[in-house]
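This one's a predicted model, so the numbers in the text were calculated from it and none came from an experiment. Quick note: residue numbers are just sequence positions, from 1. Computed from heavy atoms alone, side chains included, the values below leave out hydrogens, waters and symmetry copies. Both ligands and their constituent atoms are indexed starting at 1 by order of listing.
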Amino acid sequence: MDYFHEEMQRGLAGGQGALKMIPTFIGRPTGAEKGGFLALDLGGTNLRILDVTLAGKGKAHVTATDRFVIPPSLMGGSGEDLFSFIADCVKHFLRRFKNGGPLRDSLAFTFSFPVEHLSISSGKLISWTKGFTAGGVVGRDVAALLNEALKSKGAGFITVEALTNDTVGTLAAGSYADSTCDMGVILGTGTNACYAERANRIGKLPGLPPPDAEMIVNMEWGNFDRIPRNGYDHALDRASSNPGRQCLEKMASGLYMGEIARRILVEMMRQGLIFRGADPSLFTAEYSLSAEQMAVVVQGGDFPRESGVRELSEVDRRSVCSVFCIVSRRAARLAATAIAAVVLWMDKNLDHFHTIAVDGSLFLKYPGFQAEMLFSLADLLGDRAKWIKFAPTQDGSGTGAAIVAAVASFARAMD
Ligand code: GLC
């Protein structure tokens with residue numbers, strides 16, 4: 001937690017550190033925002049499009065939603081193809097739900113990668129994470145790339161009103177309904193967090209907003225690297241598409257949890273400790289074990305047939321489950337420690353109640369993950385842990401983007 005605070009301090013002051021601490025130029029919503037928006041959520045393997053109506057009084061309704069799988073070839077292809085695919089999905093959505101008509105022209109774009117904001121509706125991609133490598137996007141304004149793609153597909157009547165990170169969307173969704181919510185966390189394919197910071201603590205933005213105002217800061221905590229790593233972590237990192245980066249993310253998120261466990265299983269097989277007599281090529285393909293499969297096995301299920309593992313013997317099941325438990329427990333405890341560090345940064349003596357909006361499949365679905373995080377908070381903070389509450393905020397990143405767009409259009413109207 002001390003190291004975390006050092007890196008937060010450095011990032012807010014504009015120094016080169018592990019935490020980017022990106023100012024978003026937006027504060028939390030009041031709950032009174034109203035309006036209708038199209039929200040587009042690109043975060044990992046899926047692209048989601050939603051039609052969101054904000055009714056005020058903290059109530060948001062999703063009136064239509066669709067999900068598209070991003071083909072792996074597009075994650076690693078050209079940026080142009082990726083954005084053209086996204087624009088096609090938007091057109092498909094409009095045809096399906098709106099008869100192709102321009103019912104909405106304001107788009108809220110959740111783009112869940114590190115972006116340096118130029119304004120609330122524009123920002124440059126700093127680097128790809130989570131296995132994406134699409135060419136020609138780093139350093140470019142991703143909102144402009146989407147606007148251009150929409151235009152070239154004849155959907156230029158839609159424009160990006162707000163560009164936001166999934167953590168910021170999650171915090172916006174959480175705080176729209178509950179004013180004690182001051183932090184948004186994603187524990188899914190990747191991991192990251194944002195929180196409401198006092199503007200006078202953001203040293204790298206001198207004199208911009210009134211000093212007593214608050215601004216949401218996207219921490220990009222997945223890149224935190226002052227944690228001891230073991231041989232499996234180093235091997236995974238070396239083989240990844242972004243070696244040396246996203247150290248915490250590689251220890252505490254869904255995309256990598258299966259890969260760490262797979263590497264341990266392969267080593268145990270090599271030492272003859274499990275799966276004796278099985279095909280030695282079992283689990284040799286990188287990323288062939290997912291966190292979803294781990295979840296099935298720890299709940300008593302089997303590995304999928306394609307993995308090549310026949311029915312698990314009792315002894316093997318026990319060994320495999322212990323490995324999965326160690327890997328997921330470490331992830332949960334790291335995530336809880338990072339949350340505790342941020343809460344203490346906001347409120348040194350824990351004098352106030354803090355609701356943490358959390359989204360992501362690891363947190364929402366992995367057996368025992370939330371419970372382990374709660375144990376860990378209690379270990380770290382003792383009795384004071386009761387001042388922290390998790391609010392599972394499923395699909396918050398999409399609805400939240402619409403809320404961010406509403407906050408942005410309100411701010412524009414006031415200018
Ligand atoms: C990665 C991205 C970050 C995002 C997180 C969760 O860490 O860099 O922007 O919030 O994944 O999706």
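Ligand 1 is never approached by Gly222 to a heavy-atom distance shorter than 4.0 Å. Judged by the shortest distance from any of its heavy atoms, Gly188 lies outside the 4.0 Å radius around the atoms of ligand 1.
At a heavy-atom cutoff of 4.0 Å, ligand 1 is contacted by the side chain of Asn165 but not by its backbone.
Within the model, atoms CG of Leu334 and CD of Glu249 stand 13.0 Å from one another, a figure rounded to the nearest 0.5 Å.
Of the candidates Leu42, Leu145, Asp88, Phe83 forms a side chain to side chain contact (heavy atoms under 4.5 Å, CB included) with just one, namely Leu145.
Residue contacts with ligand 1: Asn192 is placed with a nitrogen or oxygen under 3.5 Å of a nitrogen or oxygen of the ligand (distance criterion only).
A salt bridge does not link Arg245 to Asp237: none of the charged side-chain nitrogens sits closer than 4.0 Å to a carboxylate oxygen.
Ring pair Phe224/Phe4 is tilted by interplanar angle, where 30° to 60° counts as tilted. Ring geometry for Phe113 against Phe111 counts as tilted: the plane angle lies between 30° and 60°, on a 0 to 90° scale.
Among all non-hydrogen protein atoms, the one lying nearest atom 9 (O) of ligand 1 is Glu220 OE2, 2.6 Å. Protein heavy atom closest to atom 7 (O) of ligand 1, with residue, atom name and distance, is Glu249 OE1, 2.4 Å.
Applying the salt bridge (Lys or Arg N to Asp or Glu O under 4.0 Å) criterion to Arg226, with sequence neighbours excluded, gives Glu6, Glu7. Asp233 pairs by the salt bridge (Lys or Arg N to Asp or Glu O under 4.0 Å) definition with Arg330, not counting sequence neighbours.
Heavy-atom contacts of Ile186 reach the following atoms of ligand 1: 6 (C), 12 (O) (cutoff under 4.0 Å). Using a 4.0 Å cut-off to heavy atoms of Thr129, the atoms of ligand 1 that qualify are 1 (C), 2 (C), 8 (O). Within the listing of ligand 1, atoms 2 (C), 8 (O), 9 (O) sit less than 4.0 angstrom from a heavy atom of Phe113. For ligand 1, the atoms sitting less than 4.0 Å from at least one non-hydrogen atom of Pro114 are 8 (O), 9 (O), numbered in the order shown with element in parentheses.
For atom 6 (C) of ligand 1, the candidate residues are Val185, Leu42, Asp166; the nearest heavy-atom contact is made by Asp166.
Atom OH of Tyr3 sits in a sparse spot, with 12 or fewer heavy atoms from other residues, nucleotides or ligands closer than 6.0 Å.
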